[in-house]
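Working notes, structure below.
When a ligand or atom number is given, it counts from 1 through the structure's own listing order. Computed from a predicted model, the values in this text were never measured in an experiment.
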Amino acid sequence: MSVRPPDGPFVFNVAGLLTDVIGASRVMDIDVPSIDLPDELELAEPIRGLIRLSHENRGILADVELTTALAGVCSRCLRPLTTPVQVSLEEEYLPSLDLTTGRPVSLDDEPDALRLTDHHEVDLEPSIRDAISLAEPIAPLDRPDCAGLCIVCGEPLDEGTHDHPEDDIDPRLEALRAFKADDE
Ligand SMILES: [Zn+2]
Ligand SMILES: [Zn+2]
């Protein structure tokens with residue numbers, strides 16, 4: 001007896017669909033607040049869209065069309081930003097049990113194929129998690145021409161004026177200068 005995988009928002013039981021005619025399908029309206037993601041990733045929007053599961057000759061075909069957004073910061077100015085993410089997948093899941101005998105099927109023929117669970121479930125969460133993780137931008141910008149941060153005051157260069165008079169420079173440097181002057 002195998003261990004039952006934990007249920008999740010992207011685990012769907014297809015036992016009924018597998019007994020339906022070839023070509024039959026079910027469409028699910030998806031609105032999921034979040035899923036487990038690698039630590040550095042955070043969703044800024046729920047995962048929304050449609051998942052269609054179809055009974056085909058060899059198993060179940062999953063059509064996934066979802067949108068969400070990743071939260072992040074601009075790589076130049078550190079202002080928060082969101083990156084829209086589109087998850088478009090088409091994956092085939094083959095049975096892991098023979099439907100008439102209930103016996104495990106040999107996985108040797110197609111070792112890399114995605115499989116239904118022993119409970120006739122499609123688990124789309126790993127594929128969806130991978131697709132979202134891959135959408136993480138390497139050096140996101142809040143705008144294409146982001147000017148970055150002022151090296152004097154540390155504020156974004158496109159906010160306010162940065163023609164800093166000399167005595168406006170970091171007070172710690174100022175203190176150091178005064179100290180030196182006293183020393184002479
Ligand atoms: Zn920026
Ligand atoms: Zn400045």
When you check the space around the Zn ion (ligand 2), which protein N, O or S atoms turn up under 2.8 Å? Cys150 SG, Cys153 SG, His162 ND1, His164 NE2
Given OD1 of Asp142 on one side and SG of Cys146 on the other, what angle do they make at the Zn ion (ligand 1), to 10°? 100°
Would you call Asp142-Arg79 a salt bridge at under 4.0 Å N-O? yes
Sole residue of Leu18, Leu114, Leu94 in side chain to side chain contact (heavy atoms under 4.5 Å, CB included) with Ile60: Leu18
Test: Asp158 and Arg143 ion pair at under 4.0 Å: yes
Salt bridge check, Arg52 against Glu90: does any charged N sit closer than 4.0 Å to a carboxylate O? no
Which Ile, Leu, Val, Met, Phe, Trp or Tyr residues join Val27 in one cluster when any pair of side-chain heavy atoms under 4.5 Å counts as a link? Leu50
Are side-chain heavy atoms of Tyr93 and Leu53 found at a separation under 4.5 Å? no
